[in-house]
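Here the structure is a predicted model, which means the values were calculated and not measured.
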Amino acid sequence: CPSAGQAAQGPARHPGIPSPSQIAIPVTMTQAIVVESAAALARQAEGQGAAMHAFCTQLYPMLRSITGQGVRDTLAAIGQHIPLTVTEVPTGTRIFDWEVPAEWQVRGAWIKGPDGKKIVDIAEHNLHLVNYSAPFRGTLSLEDLRPHLFSLPDRPDWIPYRTQYFKRDWGFCLTDRQLQSLQPGNYEVCVDTDLVQGSLTFGECVLPGESAEEVLVSTHVCHPSLANDNLSGISTATWLAKTLAALPKRRYTYRFVFIPATIGAIAWLSQRQDVTKHVAHGVVISGVGDAGDYHYKRSRRGDAEIDRIMALVLAESRERHHLLPFMPYGYDERQFCSPGFNLPMGCFSRSTYGSYPQYHTSADNLDFIRPEHLERSLGLLLAAFGIVERNLSFNNLSPFGEPQLGRRGLYSLIGGHNEGQKLQLALLWVLNQSDGSKSLLDIAEMAGLPFDLVHQAAEALLNNQLLEVVVR
């Protein structure tokens with residue numbers, strides 16, 4: 001893969017060809033969709049990294065879980081940036097083979113040592129309490145307390161993240177240095193929590209488009225005080241929705257879902273089965289704020305249009321990246337790609353699930369993610385959705401031999417200019433393959449040319465009445 005940090009150079013434009021942003025492509029007799037190059041859409045990410053990181057900073061202290069007030073507070077913060085509808089699914093609701101659990105409420109949790117001083121307190125770090133701990137109050141010997149304590153001996157200064165959603169017990173996480181320093185004696189333990197009849201909460205932002213077909217974007221909102229996993233995904237999805245919402249028109253309808261991991265995805269699928277029939281493309285966003293290589297895990301289908309688009313965008317980006325086959329392990333792509341739905345959804349990340357030492361520890365903090373990495377991730381996703389929006393098929397209106405391009409200002413009479421030659425080649429590829437059966441993505445892949453260059457050629461031909469859009 002090309003080295004990280006290299007920027008792809010946009011193709012030179014033939015002087016007789018209008019800018020893509022100036023051309024409206026007729027979709028029906030009465031409607032038009034305004035298109036913008038993928039590169040131009042991606043450039044809207046520039047300068048957004050600092051604000052995205054600041055949003056992560058705002059969300060970092062919130063105590064999130066698969067249910068509870070922390071999720072609601074997070075969704076309320078997201079709703080300050082984009083239009084968001086919040087859905088509550090009551091405790092006990094059957095969601096396929098699962099059931100919505102009791103809602104977790106937390107007021108405080110701490111351990112006092114034999115000297116009466118607090119040695120662990122959730123008020124100091126959200127990871128100190130095992131997520132979904134049941135209520136407990138009592139005094140224990142160190143021997144009896146130890147089975148409830150979790151640390152990382154190989155990372156003695158980091159606090160681990162542990163959960164026990166479906167086991168009624170309690171526990172605390174602390175650094176291994178803290179654990180090793182505990183002295184024999186009696187310890188007072190307070191886990192001031194409740195598991196009550198409540199609900200599981202998720203948020204949706206729907207941006208209507210010209211088509212009822214949807215692009216589904218999902219990110220999980222259940223982890224407390226973990227920056228890369230997944231405040232980075234929440235921030236990137238929010239800014240992605242904000243950018244697309246500002247477009248004058250959209251070809252597709254975009255649906256952003258902010259959900260608790262696993263059970264939240266299952267709950268959403270259960271509640272929105274009618275929506276899934278309209279999903280044409282989709283991506284799960286997670287772990288996009290660190291400095292690792294980019295990764296894209298393909299959908300279960302393996303060759304969905306979004307799989308091909310993400311592969312093309314990453315190749316053209318010149319970023320170090322890896323394309324992974326689907327496997328039923330990782331984030332919520334495994335729910336969206338379960339055989340009953342088999343949605344065309346892959347997973348976009350930098351470092352992958354569980355692959356970096358900071359994963360699910362206190363070291364996954366706000367210093368671990370960087371504004372420039374968030375901004376670059378946003379730009380790549382915008383580039384991908386720029387292709388999603390503009391991947392049309394055409395019919396050649398002059399299919400008997402090549403039309404005379406020179407008199408239309410579309411074919412340079414002077415050779416030797418490399419970018420001009422590439423554009424001429426793109427014009428010929430589009431004309432030759434536009435029989436209604438090939439999309440611009442098909443042509444770009446076949447020709448080995450950048451998608452924006454192929455689309456630029458199609459726009460020029462369309463503007464000169466040599467192509468018509470195939471409406472499907």
*asked:* Checking ring-ring contact (aromatic ring centres under 6.0 Å, His included) between H223 and each of Y331, Y161, Y359, which is the one that passes?
replied: Y161
_Inter-residue atom distance C347.SG - M327.CE, 0.5 Å rounding_ = 12.0 Å
*Could you verify whether a donor N or O on one side chain and an acceptor N or O on the other, from E305 and N391, lie under 3.5 Å apart?*
yes
_Could you tell me if T361 and D364 have a donor-acceptor pair between their side chains, going purely by distance under 3.5 Å?_
no
_L59 versus A77, closest heavy-atom pair with distance_ = CD2-CB, 3.6 Å
*Under 4.0 Å between a Lys/Arg side-chain N and an Asp/Glu carboxylate O for E204 and R255?*
yes
*Report yes or no: does R300 contribute a side-chain atom to a donor-acceptor pair with the main-chain N or O of N342 at less than 3.5 Å?*
no
*Salt bridge R376-E319, side-chain N to carboxylate O under 4.0 Å*: yes
_Could you tell me if the side chain of Y294 sits less than 4.5 Å from the side chain of S349, heavy atoms only?_
no
*Out of curiosity, L392 CG to L441 CG, how far, rounded to the nearest 0.5 Å?*
11.5 Å
*asked:* How close do S218 and M345 get, counting heavy atoms only, and between which atoms?
replied: CB-CE, 4.4 Å
*Ionic contact status for R137 with D192, cut-off 4.0 Å*: no
_Using 0.5 Å steps for rounding, measure from the CD atom of E99 to the CZ atom of R94._
6.0 Å
*asked:* Here's a test for you: under side chain to side chain contact (heavy atoms under 4.5 Å, CB included), which of L84, V86, D73, T219 qualifies with I78?
replied: L84
_Between E375 and R370 (salt bridge meaning N to carboxylate O under 4.0 Å), is one present in this structure?_
no
*If you look at every heavy atom in N365 and A227, which pair is closest and at what distance?*
O-CB, 3.2 Å
*Where does the angle between the aromatic ring planes of H81 and F55 fall among parallel (under 30°), tilted (30 to 60°) and perpendicular (over 60°)?*
perpendicular
*If you measure from CD on Q335 to CG on L343, what distance do you get to the nearest 0.5 Å?*
11.5 Å
*Provide the closest heavy-atom pair for L75 versus F202 in the form atom of the first, atom of the second, distance.*
CD1-C, 3.7 Å
*Specify the closest pair of heavy atoms between H220 and S286, including all atoms of both residues, with the distance to one decimal.*
CE1-OG, 3.2 Å
*asked:* Within the supplied structure, the quantity of interest is the number of heavy atoms (other residues, nucleotides, ligands) at a distance under 6.0 Å from F166 CZ; does it exceed 12?
replied: yes
*For R251, does its backbone N or O pair with a side-chain atom of S211 as donor and acceptor, under 3.5 Å?*
no
*asked:* Checking H360 against D229: is there a side-chain donor and acceptor pair closer than 3.5 Å?
replied: yes
*Of T276, V284, V283, V279, which is the lone residue that meets side chain to side chain contact (heavy atoms under 4.5 Å, CB included) with F336?*
V284
*So, H321 side chain and H295 main chain: donor-acceptor pair closer than 3.5 Å or not?*
no
*asked:* Checking side-chain polar atoms at under 3.5 Å, does Y132 have a donor or acceptor matched by the opposite partner on T67?
replied: yes
*So, does T236 use its side chain to make a donor-acceptor pair with the main chain of L378 at under 3.5 Å?*
no
*asked:* Let me confirm one number: the OG-CD distance from S235 to Q58, rounded to the nearest 0.5 Å.
replied: 10.0 Å
*Does a donor on one side chain and an acceptor on the other come within less than 3.5 Å for R72 and S199?*
yes
*What distance separates Q44 CD from W239 CH2, expressed to the nearest 0.5 Å?*
14.5 Å
_Mutual orientation of the aromatic rings belonging to Y254 and F385 [parallel < 30°, tilted 30-60°, perpendicular > 60°]_ = tilted
*Any donor-acceptor pair under 3.5 Å from E333 side chain to K297 backbone*: no
*Is a side-chain donor-acceptor pair under 3.5 Å present for T163 with N131?*
no
_Looking only at the side chains, is there a donor atom on one of N186 and T139 sitting less than 3.5 Å from an acceptor on the other?_
no
*Any chance the side chains of E214 and T253 put a donor and an acceptor closer than 3.5 Å?*
no
*Are a donor atom and an acceptor atom from the side chains of D307 and Y296 found within less than 3.5 Å of each other?*
yes
_Less than 3.5 Å apart, any donor N or O on the side chain of T87 or R272 sitting next to an acceptor on the other?_
yes
_Please find the pair of heavy atoms, one from V313 and one from L380, that lie closest to each other, and give the distance._
CG1-O, 3.6 Å
*List for me each residue that meets side-chain hydrogen bond (donor to acceptor under 3.5 Å, both in side chains) alongside S338, sequence neighbours excluded, and say none if there are none.*
none
